[in-house]
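Working notes, beginning with the structure itself.
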There are 2 protein chains.
Amino acid sequence: MFKPITIKDIALALDLSASTVSRALSDSYEINPETKKRVLEYAEKNNYKRNPIALSLKQRKSYSIGVIVCEVANSFFSQAIDGIESIAYKNGYNIVISQSHDSSDQEIMNIQHLANRSVDGILISLSAETTNFDHIQKLHGAGLPIVFFDRIYDGLATHKVSSDNKKGAKMATQHLINKGYRKIAHLANAPHLSITKERLAGYQEALTENGFKVDPSNITYCHHGGSSQKEVDTAVQYFLSMKDKPDAIFVASDRLSIGCLTALKKFSGNNYDPAIAGFSNSDVLDLFKSDFSSIRQPAFEMGRVATDLLIQLIESKYPVHEYQSVVLGTELIERIKSKPRN
Amino acid sequence: MFKPITIKDIALALDLSASTVSRALSDSYEINPETKKRVLEYAEKNNYKRNPIALSLKQRKSYSIGVIVCEVANSFFSQAIDGIESIAYKNGYNIVISQSHDSSDQEIMNIQHLANRSVDGILISLSAETTNFDHIQKLHGAGLPIVFFDRIYDGLATHKVSSDNKKGAKMATQHLINKGYRKIAHLANAPHLSITKERLAGYQEALTENGFKVDPSNITYCHHGGSSQKEVDTAVQYFLSMKDKPDAIFVASDRLSIGCLTALKKFSGNNYDPAIAGFSNSDVLDLFKSDFSSIRQPAFEMGRVATDLLIQLIESKYPVHEYQSVVLGTELIERIKSKPRN
DNA sequence: AACGCAATCGATACCGGTATCGATTGCGTC
DNA sequence: GACGCAATCGATACCGGTATCGATTGCGTT
């Protein structure tokens, strides 16, 4: 039943000691080239493979990193994962992915699980629900390298990678204003998320700079990040119920964008068709909703940068105390036409 | 630097032997309840965690399973992964995901990597490029449990889970016929994939049963599964170049559906608007392309079933020789309207 | 001849668990 | 009082590697 050959098998076969074989395999200088060749050849022929588990136990290192996102079925995160994977594999790490589904409990479970599984470090984008960071604090305090990406937590001294959410949101809102829209609502994510605050700030700044006043009643939060469509439906129905309906909506995330468009299709009929601009990395959204402008985040790049930083932390020989906060630029994809006059 | 407490630490602290502590922790009957309590309490207080790596080495079992898909940024696969995850976690396994990006070389590398990492089993959906199965054969021969899902390989005696591709394709084609379309092209996936053949068979059967003849010139393959848009563009341009253009296209996969619609938007202008029906699990596609009918696969369920079977294989005490081929039903989501008469 | 030194390889401990085997103790039985 | 037996716990080997320390050999040096 699947018992691969070990160093001892080789040692026995070649009448050497395990130590010698081990050193030969790792190309140590203190092994006779002749012996080295014998070992290498025998290993090759019997297709010997190092047992990474034994190695992990010995070196206290698993060469694997944990990734926690809310869900992979989300263009932004799946693109980020591609980026993570590319750097991780290049450095000999493999990645263990788990999804929080925007639930704080699930996130805690996943983190524990990964830490128990002895990952060498964790890349995490927080769940929409998370307000308590004890479990992360604790692991970080115990020395486990952690890097935040996208949805970061400022209270922890470690590397953070995000996109310029404020500027992106401002660009989107300004874009709507430029196209002639005047009552711009904001469909926001869970209020405690870093990205929510930053995007809200950008939205507000754009409004203010253009002489609009920020009306809190134009802002609706989705406390679970839109993980159930019902939540988004409620938010959209709220907009629909207003006497003076928004003529445009700035949507805070990919998932919410999809949810919002779904809800509008369901409830609005044909007499109400607000312009929509939102954060999204979905190719498909761009493809079909011709009047949907989007802010694209450099998801792939974000994954790469975050992984790079994490591996630096993991492989650093000395404790790191200088942490970086990398902020990446976003891109506005314009599709909305000017507001028709009525 | 992150050194968790071990069984020996506990043994030392409580003046017991490591064996006793180990047995107390696993609730062995031959340990005095009193002692057991002391150990459990001390472990709890100092938040002892079993070292899964040591366990893996000892038991030759890692409690992790490898998943190989072409990409997670694909609705079908990300949904399947959700299903896989749900069953895996429930059984105490974690999943290691890797992407082949529809490249055979990458797939081989991933499989080796996973096998080296001592996963207990592998769930795989083959890449579009794969025509040589030696690497899989070899691992399977060596005793590594493998379960195919979606894109299966019949040459290997193991469990397989797929959806009823032939019936789904037939439904889609029949649907197009019912709506009045007469020249139905087929945008197919890589020719050697199981799903390609099955879907082609369904397409052909529907045509034949309705008295149409199957014209090979109406069928175009995408040898890389549409992993580059260029490939799909070429295929669609071929359809466009035909004297008698197809009035409908049956598209073989999710990715191809997106690619096809993108290409049509890019090249067709407004004077050509064929009806499209295709395999897809994308919510977004359903949302926007109102004249796009889709065949939905039970991706989540497929992931669950496949994982269940894999875990059965892994945990079976005796060699398994009876293998199942589970086929799940598909669903047709009708959106296309009847063909306008001209 | 005696010594130093480099080259080459072996024996052993250890990583953190668990399985196996054994040791000790107390108690009931004949 | 000798023995059997159950209850409880310890010592040890092992999983598959590597690091540490040591042993052996040959050769050049003085």
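Worth knowing before you read on, the calculation uses all heavy atoms, side chains too, and leaves out hydrogens, waters and symmetry mates. Note that the structure is predicted; figures quoted are calculated from it, not measured. So you know, we letter chains A, B, ... as the sequences are listed, proteins then strands, and number each from 1.
For the pair A:L25 CG and D:dT18 C1', the computed distance is 12 Å after rounding to whole Å. Between A:L12 atom CG and D:dG16 atom P the separation is 14 Å, expressed in whole Å. Rounded to whole Å, atom P of C:dC9 lies 13 Å from atom OH of A:Y29. Following rounding to the nearest Å, B:K8 (NZ) and D:dT12 (P) show an atom-to-atom distance of 13 Å. Between the CG atom of B:L57 and the P atom of D:dT18 there is a distance of 12 Å, rounded to whole Å. The CG-C1' distance, from B:L55 to C:dC15, rounds to 14 Å in whole Å. Spacing between atom OH of A:Y63 and atom P of D:dG17 amounts to 16 Å, rounded to whole angstrom units. Regarding A:K58, its NZ atom lies at a distance of 12 Å from the P atom of C:dA13, rounded to whole Å.
Here the side chain of A:Q106 pairs no donor or acceptor atom with the backbone of A:H101 at under 3.5 angstrom. B:S316 places no side-chain N or O within donor-acceptor distance of the main-chain N or O of B:L313, the cut-off being under 3.5 Å. In this structure, A:N51 contributes its side chain and A:I53 its backbone to a donor-acceptor pair below 3.5 Å. At least one donor-acceptor pair under 3.5 Å links the side chain of B:T6 to the backbone N or O of B:K8.
Using bins of under 30°, 30° to 60° and over 60° for the plane-to-plane angle, the ring pair B:Y63/B:Y93 lands in the tilted bin.
Using a 4.0 Å heavy-atom cutoff across all strands shown, B:K49 reaches sugar-phosphate atoms only and no base atom. As judged by a 4.0 angstrom heavy-atom cut-off over every strand, B:D15 is placed among residues touching the sugar-phosphate backbone only. Within the nucleic acid shown, B:S22 comes within 4.0 Å of at least one base atom, counting heavy atoms only.
With C:dG17, D:dA19, D:dC9 as the choices, the nucleotide that has an atom nearest any side-chain atom of B:L16 turns out to be D:dC9. Picking from D:dA11, C:dC14, C:dG16 the nucleotide with the shortest atom distance to the side chain of B:S17 gives D:dA11. Considering only the side chain of A:I7, D:dT18 comes nearest among C:dT18, D:dG10, D:dT18. Residue B:R23 has its side chain nearest to D:dG10 when only D:dG10, D:dG17, C:dT18 are considered. Relative to the side chain of A:A54, the nucleotides C:dC15, D:dG17, D:dG10 differ in distance, and D:dG17 lies closest. In the set C:dG16, D:dT8, C:dC9, the nucleotide with an atom closest to the side chain of A:N32 is C:dC9. Out of C:dA13, C:dT18, D:dC9, the shortest distance to the side chain of B:T35 is found at D:dC9. Taking the side chain of A:E30 as heavy atoms from C-beta on, and the options D:dT18, C:dC9, C:dG17, the nearest nucleotide is C:dC9. Closest to the side chain of A:P33, out of D:dG17, C:dT8, D:dC9, is C:dT8.
Between A:R151 and A:D102 a salt bridge is recorded (basic side-chain N to carboxylate O distance below 4.0 Å).
The partner of D:dC5 is C:dG26, by the rule that a Watson-Crick or G-U pair needs both atom distances under 3.5 Å.
Scanning atom types as modelled, one donor and one acceptor separated by under 3.5 angstrom connect the side chain of B:S19 and the base of D:dA11. With hydrogens and angles ignored, no donor-acceptor pair under 3.5 angstrom links the side chain of A:Q59 to the base of C:dC15. Evaluation of atom-type donor-acceptor distances gives no pair under 3.5 Å for the side chain of B:R60 against the base of D:dG16.
A close approach under 4.0 Å does occur between a side-chain nitrogen or oxygen of A:Y48 and OP1 or OP2 of D:dG17.
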